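Read through the structure below, which is laid out as structure tokens, and then see the notes.
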Amino acid sequence: MKTLVVTSPVPVSPTQSQATTRDAKRAATRATSEPRLLQWFLIALAVGTMGLILVVPLFVVFSEAFSKGLELYKASIVNAEAMSAIKLTLLVAFVAVPINTVFGVAAAWAITRFQFKGKGALITLIDLPFAVSPVISGLIFVLMFGRRGIFGPFLQAHDWKIIFALPGIILATLFVTFPFVARQLIAFMESQGAEEEEAAVTLGANGFQTFWRITLPNIKWALLTGIILCNARAMGEFGAVSVVSGHVRGQTNTIPLQVEILYNEYQYTASFAVASLLTFLGLITLGIKTALEWKTARQLKEGQT
Amino acid sequence: MKRSHRVLPGFGLSLGITLLYLSILVLIPLSLLFWNAGGGGWEHFKSAAFSPRALASYKITFGASFVAATINLFAGMLIAWVLVRYRFPGRSFMDALVDLPFALPTAVGGIALTTAYAPNGFIGRQFAPDGIIGRHFGPEGLKLAYTPIGIVIALTFISLPFVVRTVQPVLGGLDAQLEEAASSLGANRFQTFRRVIFPYIWPALLTGWTLGFARALGEYGSVVFIAGNQPLKTEIVPLLIITRLEEYDYPGATALAVVMLTASFSLLLAINTLSRWTNRRASA
């Protein structure tokens with residue numbers, strides 16, 4: 001049989017072959033990418049858009065907060081009213097975040113480790129608070145426990161207060177923040193699969209051992225991401241809490257509500273000083289979230305290979 | 001391959017906790033809301049939910065949300081494209097910053113935007129009668145804060161991440177060979193985008209738009225400061241609900257909430273259908 005050997009009629013010099021591969025590479029780049037100039041134009045446009053939409057508010061918060069100097073900034077935060085708002089916000093987060101963490105772990109375990117009817121509906125139900133207006137999230141609790149709500153007369157007869165008091169604020173916060181941990185874990189545990197846990201159970205571990213030794217170490221970074229996102233929202237929630245809080249100064253004002261009151265009283269510097277606390281919280285949350293996402297992405301990649 | 005996961009324990013316990021918690025916190029309160037709305041009778045519901053003031057607030061809420069979501073369709077597409085396709089200094093920082101509207105409390109975003117866009121703010125000043133841009137708008141200039149434009153600005157801020165975050169993974173998953181094939185068949189870059197890339201990502205774009213629109217409909221915190229809150233002109237539905245509540249008009253507040261929830265639930269349904277479609281593309 002004749003073998004077909006392709007030889008070039010003239011010997012190819014090394015520089016020539018380099019030139020052809022370079023040309024080929026350039027042609028491939030041209031086929032799947034844009035000219036350099038257009039790239040830089042689009043990058044500049046995107047950076048400009050983000051600057052206008054996202055960086056402007058960030059810049060305003062800090063420039064306004066420190067506009068009258070560090071002394072006034074400190075005085076705006078270290079006073080009885082602001083301090084009581086900070087304490088209330090910490091307390092609310094301290095109660096709401098652990099409850100929603102337990103719920104999130106339970107929901108993710110049920111949804112990602114078992115097959116059952118109505119799973120899709122359950123996931124939709126968990127996402128529901130993202131679709132419901134914060135104002136309506138507060139409203140539903142007012143309709144139940146408010147003065148003219150369904151349980152209103154009963155609560156008044158026993159002199160119990162839920163709306164315009166701490167329990168109402170916690171309820172509204174629980175409602176708006178429960179999807180965070182569950183969502184994060186469902187996505188992560190779904191992609192990770194149940195093989196390791198099944199192996200542990202087959203080897204004789206009980207449920208608690210399996211969860212503590214296998215599941216928890218595996219999901220810890222995704223869990224932590226969910227927790228810090230839940231916490232950021234719990235501390236920053238405005239609409240829902242605003243409906244149920246009653247804005248009693250020094251008693252039922254959380255940090256975001258304190259920001260609103262100061263702003264409406266034209267105490268702009270004080271308002272932005274308190275707001276800068278929440279902005280720091282938001283920026284730190286973003287930073288941790290980004291770092292944790294890199295970690296979980298790497299973890300998933302390692303698990304697959 | 002379908003297989004039973006019942007090897008693992010804890011099904012009853014975890015599902016029980018989930019269902020109990022969701023019933024107490026979501027199902028019962030929400031069904032009571034609908035029950036409450038039906039309690040006053042249809043006539044009462046109609047007069048509360050479709051009063052001229054309510055109709056005006058739907059118009060402004062849906063209209064501003066539509067405009068904001070559409071602005072973000074283009075802005076989000078651009079940002080997602082640049083983040084996925086190009087490498088440049090500060091790219092990962094920019095990627096992280098996209099989520100800022102999720103992390104920054106809405107009230108903080110609201111007061112900051114109002115300060116910037118108010119007639120004496122550093123952006124609003126440019127639109128004043130004697131400002132660089134405002135002088136082209138006649139003797140009144142262009143008022144941004146305390147007008148519907150202000151509402152659109154706030155809603156654009158809070159709904160920016162949605163399109164970026166839905167388009168990013170789909171665009172990243174697009175097989176480069178498709179584009180190479182298009183090019184070798186003679187398509188130029190623009191044709192490749194229009195005929196190959198765009199048909200591939202548009203379900204994701206639509207999902208992002210719908211998510212942003214749904215989020216904007218219910219938004220309260222960032223809007224109340226910048227809106228001006230004049231009945232019939234710049235009053236959004238969530239604010240009208242709060243006004244009704246403060247008047248102890250529970251049926252009135254409930255009627256408005258039912259209208260908004262019906263809209264939200266329909267959108268949620270649309271989003272679920274859309275994202276199933278998007279996911280199929282991302283995994284295909």
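Proteins get letters first, then strands, A, B, ... in listed order; numbering begins at 1 in each. Being a predicted model, the structure only gives us computed values, none of them experimental.
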Against chain B, label [X] side chain, backbone, both or neither, depending on which of its atoms sit under 4.5 Å from a heavy atom there.
{"X": "A/F59", "result": "side chain"}
{"X": "A/R233", "result": "neither"}
{"X": "A/F178", "result": "side chain"}
{"X": "A/F175", "result": "both"}
{"X": "A/V142", "result": "both"}
{"X": "A/I136", "result": "side chain"}
{"X": "A/T124", "result": "both"}
{"X": "A/L229", "result": "neither"}
{"X": "A/I255", "result": "neither"}
{"X": "A/F141", "result": "side chain"}
{"X": "A/E64", "result": "side chain"}
{"X": "A/V47", "result": "both"}

Is [Y] close to [X] at the side-chain level, that is, under 4.5 Å between some pair of heavy atoms?
{"X": "A/F114", "Y": "B/L15", "result": "no"}
{"X": "A/F272", "Y": "B/V108", "result": "no"}
{"X": "B/F122", "Y": "A/V60", "result": "yes"}
{"X": "B/P9", "Y": "A/N206", "result": "no"}
{"X": "A/L283", "Y": "B/L100", "result": "yes"}
{"X": "B/D95", "Y": "A/T290", "result": "no"}
{"X": "A/L143", "Y": "B/L32", "result": "no"}
{"X": "A/W109", "Y": "B/T18", "result": "no"}

Where on [X] is there a heavy atom nearer than 4.5 Å to chain A: the side chain, the backbone, both, or neither?
{"X": "B/L33", "value": "both"}
{"X": "B/L268", "value": "side chain"}
{"X": "B/L27", "value": "side chain"}
{"X": "B/V237", "value": "neither"}
{"X": "B/D99", "value": "both"}
{"X": "B/I123", "value": "side chain"}
{"X": "B/S222", "value": "neither"}
{"X": "B/L19", "value": "side chain"}
{"X": "B/F190", "value": "neither"}

Would you say the side-chain atoms of B/S264 pair up with the backbone N or O of A/A131, donor to acceptor, closer than 3.5 Å?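 Judged by distance alone, yes, a pair lies under 3.5 Å.
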For the atom pair [atom1] ([X]) and [atom2] ([Y]), what is the distance rounded to the nearest 0.5 Å?
{"X": "A/I43", "Y": "B/M94", "atom1": "CD1", "atom2": "CE", "result": "8.5 Å"}
{"X": "B/I153", "Y": "A/I53", "atom1": "CD1", "atom2": "CD1", "result": "10.0 Å"}
{"X": "A/L128", "Y": "B/L25", "atom1": "CG", "atom2": "CG", "result": "10.5 Å"}
{"X": "A/E34", "Y": "B/R85", "atom1": "CD", "atom2": "CZ", "result": "7.0 Å"}
{"X": "A/L58", "Y": "B/L97", "atom1": "CG", "atom2": "CG", "result": "7.0 Å"}
{"X": "B/L160", "Y": "A/M50", "atom1": "CG", "atom2": "CE", "result": "7.0 Å"}

Residue pair [X] / [Y]: nearest heavy atoms and the distance that separates them:
{"X": "A/L52", "Y": "B/Y117", "result": "O-OH, 3.9 Å"}
{"X": "B/L113", "Y": "A/P57", "result": "CD2-CG, 3.7 Å"}
{"X": "B/G221", "Y": "A/F238", "result": "CA-CD2, 3.3 Å"}
{"X": "A/S133", "Y": "B/G218", "result": "OG-O, 2.7 Å"}
{"X": "A/G149", "Y": "B/Y250", "result": "N-CE2, 3.6 Å"}
{"X": "B/S14", "Y": "A/A110", "result": "OG-CB, 3.4 Å"}

From CA spacing to verdict: side-chain contact (heavy atoms from CB on, under 4.5 Å), B/Y21, A/N100: CA-CA 10 Å; B/Y21 189 69; A/N100 280 339; 2.5 Å; yes
Decide yes or no on side-chain contact (heavy atoms from CB on, under 4.5 Å) for B/L22 and A/I126, but give the supporting numbers first. CA-CA 8 Å; B/L22 285 177; A/I126 290 174; 4.0 Å; yes
Shorter than 4.5 Å, heavy atoms on both sides: which option in [options] has the most such pairs with chain B?
{"options": "A/V132, A/L139, A/I99", "answer": "A/L139"}
{"options": "A/L281, A/L45, A/T285, A/V61", "answer": "A/L45"}
{"options": "A/V102, A/I123, A/L125, A/V55", "answer": "A/L125"}
{"options": "A/I111, A/L54, A/L38", "answer": "A/L54"}

Assess the residue pair A/Y263 and B/T115 against the criterion (side-chain contact (heavy atoms from CB on, under 4.5 Å)); give the C-alpha distance rounded to whole Å, side-chain angles, the decisive distance to 0.1 Å, and a yes or no. CA-CA 10 Å; A/Y263 186 85; B/T115 304; 4.1 Å; yes
Are B/F102 and A/F180, when compared by the centres of their aromatic rings, separated by less than 6.0 Å?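 Here the rings of A/F180 and B/F102 have centres that are no less than 6.0 Å from each other.
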Full working for side-chain contact (heavy atoms from CB on, under 4.5 Å) between A/N264 and B/F225: CA-CA 9 Å; A/N264 287 340; B/F225 299 100; 4.2 Å; yes
Where does the angle between the aromatic ring planes of A/F116 and B/F11 fall among parallel (under 30°), tilted (30 to 60°) and perpendicular (over 60°)?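 Ring orientation of A/F116 relative to B/F11: tilted.
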Step through the shown structure and confirm whether more than 12 heavy atoms of other residues, nucleotides or ligands are within 6.0 Å of CH2 on B/W35.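 No, the 6.0 Å shell around CH2 holds no more than 12 heavy atoms from other groups.
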